[in-house]
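Working notes, beginning with the structure itself.
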Amino acid sequence: MTEYQARQLQFSGSGGEYFRIWIVNVCLSIVTLGVYSAWAKVKRNQYFYRHTTLAGASFDYHGDPKAILKGRVVAFLLFACYTLVGKFDQVAGSAILLVIIVAMPWLLMRSLRFRLHNTSYRGLRFAFHGSTGAAYFNFLLLPVLSALTLGLLWPLAQQRMARYTRENSTYGSEFFKFFAGSGAYYRIYFMTIFIGVLVFAGLMASVMLLGSKELIPVEADQLVAMSVLVASIGTYLALFLLAYPYVAARLQNLIWNNTQLGPHGFQAQLRAREMLGIMFGNVLLTLLTLGLYKPFADIRLARYRIEHVTLLTRGSIDDFVAGLQTNSSAAGDEMAEMFDFDIAL
Amino acid sequence: MWLTAVYYDGRQARPHPVTLCVEGDKLLLQGRDIVRREELNGLKIPPPLGSTPRLILFADGGRCEVADRQGFAEMLQDAGNSAVAGMENSWWYALAALLLTLSLLAVVYLFGLPYAARVVADRVPVYLLERMDNQFFASLDQTLLMPSKLAEERRHTLQDGLRRLVLPPGEDRPAHIEFRGSPTLGANAFALPGGSVLVLDDLVNLASNDQEILAVLAHEMGHVHEKHALRQMLQASVVGLAMAWYIGDVSSLLAVAPTVLLETRYSRDFERRADAFAAELLRGNGIPVSRLADILEKLEAAHQTAAPKQLAESVEALDYLSSHPNTEERIKRLRGL
Ligand SMILES: [Zn+2]
């Protein structure tokens, strides 16, 4: 059995260089009343993909701007329809929204297909082969069930969604494999809730202690209510600010660390603290510069996410061969983007 | 001239180190176990993109990656280069694009958007607008609004007074008034997108005489006449959408804040025009324009003590008669007329 050899993904994009491409994209998109935005999207993706290298070769993006433009027009019309009709007639607006929600699993499936089909590495394409039925099961039925069980099934639903997206993806003719069970997902959420309970208990105990020593001016009979209030607010803030990046980083790591491609494995080492720092800094600087920092922010986040993933090769990675091609249209991808539902890949 | 490159045949992930050279109108590719001679015309050479590697794409899925961008440009005489690629490389073009973008956005915001909103507002069918008003009342009647506590005769007197107003030429639709009570909104009146005017009990009680109320109604009719509420709503939706799209991945919550700031400029302009309309209407009916100034002063005083400003502003896109910072300026202008 050969040893694993670690090959880190590298990202060589730079903020200044991307800023120039971005601003020309924005300008031309406005001048052409949005038509150029499809070409701009291709450029943006090509910039990020081609600057991502693994073992000396770069990724590439092959989306067809004309297909993307068509998808954008459809998505835009639907979205405008939904917003405008909603103003005049709430019932009709809700009906359109319902149709969109029902179509969402199919759109997500098409979106995955378009994105992977248009991604290549070393001249071989990725592809997605997930079925429509499974998309409805994983993207609609499971989330609805987890809502009905007050979130108890949510970790399981997330595990099934990740498994669906990974196990139906191919590089060349090789399928990805996914090993994480739902237990690992439940552990991450239990950990988060456990920390939340600790924070709550700690805050409550300290308010009680301070109150009983009369260090804070509270009547004795209000002390319990006061400590519960402070603990609730503190816990809510802590979970809101820290739990989301914590869970997001842990899930990413879990997914990558349990993914295999042929004999090769992956390893991700994203840290919630660092992610939080980058995201917070990005939002702050983007607001302070009225949006001009946005391209730099995109580069910073991409670098962090890309460079913390490693391919663990076992043997040669030269032996992958081309697989069957799926056909794909851009409508699903554009719709998913417009209505802001996304799946972490 | 020779250039080193890596070739992938599109069937296997194996990299082939190769050398490239141009012979006439053909590209010659040579590696240890591969030789290709292809017409330059049959190859796809994507334009350069920043410092990413240069590429040559073959019709059969083959692909060359060239790290030496300088050598590539010299050998292929900038094949695949485009005007856009040149712009993307220069800081001067970036600066020009930035300035052009900012000025275009300013033009769209200052002229394009108001114009488009007016054009669209004039084309929205009346029955749709009436539906919007009905919906407005349906959604607020249980929460912010309550049935009016004014006496039946009082309301009839006011409606009669409004009906007797001589309308300016071109305006044939008398305003349709709805009376409601609202402890949270206090003394106020709103022009709705569909042309209804909502008058709150506290406003009627605050006025010293009916002429003051008619003055407020005349002002609201000014909003109705120029479809301000509808235009405001359309403009705000477009600005909101653009903001949400742009800041989108930062946070949808943050996208709302700048929209509120951008909206106030429009509403100031609309207030001025509604005041001018009211002044003309009042003068045409022998009512002193100062009545509007009088009631505005009272509203300002009443709202300063009650201060339900945030609540009034949270009612979507409608006229907040008195919660504007420029009320003093408006009163001064009306007194000057
Ligand atoms: Zn007004």
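In what follows, every chain begins at residue 1, and chains take the letters A, B, ... in the order their sequences are listed.
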Answer with side chain, backbone, both or neither: which region of A/Ser316 has an atom nearer than 4.5 Å to a non-hydrogen atom of chain B? neither

Taking side chain as everything from C-beta outward and backbone as N, CA, C, O, which of these in B/Leu57 sits under 4.5 Å from a heavy atom of chain A? Side chain, backbone, both or neither. neither

Is A/Tyr171 in contact with chain B via its backbone, its side chain, both, or neither, using a 4.5 Å heavy-atom distance? side chain

Is A/Asp319 close to B/Gln12 at the side-chain level, that is, under 4.5 Å between some pair of heavy atoms? yes

Out of A/Ser29, A/Gly16, A/Ala55, A/Ala297, which one racks up the most heavy-atom pairs below 4.5 Å with chain B? A/Gly16

Using non-hydrogen atoms and a 4.5 Å limit, figure out which bit of B/Leu102 sits close to chain A: side chain, backbone, both or neither. neither

Option that, when pairs with chain A are counted at under 4.5 Å, heavy atom only, ranks first among B/Gly50, B/Ser51, B/Gly10: B/Ser51

Against chain A, label B/Leu98 side chain, backbone, both or neither, depending on which of its atoms sit under 4.5 Å from a heavy atom there. both

So B/Thr52 and A/Gln46, side chain to side chain donor-acceptor pair (under 3.5 Å) or not? Walk me through it. CA-CA 9 Å; B/Thr52 59; A/Gln46 283 177 341; over 6 Å; no

Chain A: which of B/Asp133, B/Leu55, B/Asp9 shares the most heavy-atom pairs with it under 4.5 Å? B/Leu55

Tell me, yes or no, whether the heavy-atom count around B/Tyr93 atom OH, taken from other residues, nucleotides or ligands under 6.0 Å, exceeds 12. no

Tell me which of these, A/Ser120, A/Gly56, A/Ser58, has more heavy-atom pairs under 4.5 Å with chain B than the rest. A/Ser58

With the side chain counted from C-beta on, respond yes when A/Phe19 and B/Trp91 share a heavy-atom pair under 4.5 Å apart, and no when they do not. yes

With a 6.0 Å cut-off (strictly less than), is the heavy-atom count around OH of A/Tyr236, excluding the residue itself, greater than 12? no

Sort out for me which of B/Gly62, B/Pro15, B/Pro53 touches chain A most, counting heavy-atom pairs under 4.5 Å. B/Pro15

With a 4.5 angstrom heavy-atom cut-off, is it the side chain or the backbone of A/Tyr18 that approaches chain B, or both, or neither? neither

Any heavy-atom pair between the side chains of B/Glu65 and A/Asp60 that's under 4.5 Å? no

With a 4.5 angstrom heavy-atom cut-off, could you sort out which part of A/Ile23 is near chain B: side chain, backbone, both or neither? both

Spacing of CD belonging to A/Glu17 relative to CG belonging to B/Leu49, to within rounding of 0.5 Å: 7.5 Å

Tell me, side chain or backbone of A/Phe48 under 4.5 Å from chain B's heavy atoms, or both, or neither? neither

At a 4.5 Å cut-off on heavy atoms, which part of A/Leu28 comes close to chain B: side chain, backbone, both, or neither? side chain

Between B/Arg63 and chain A, with a heavy-atom cut-off of 4.5 Å, which part of the residue counts as in contact: side chain, backbone, both or neither? side chain

Which pair of heavy atoms, one from B/Ala13 and one from A/Leu124, lies closest together, and at what distance? N-CD1, 3.8 Å

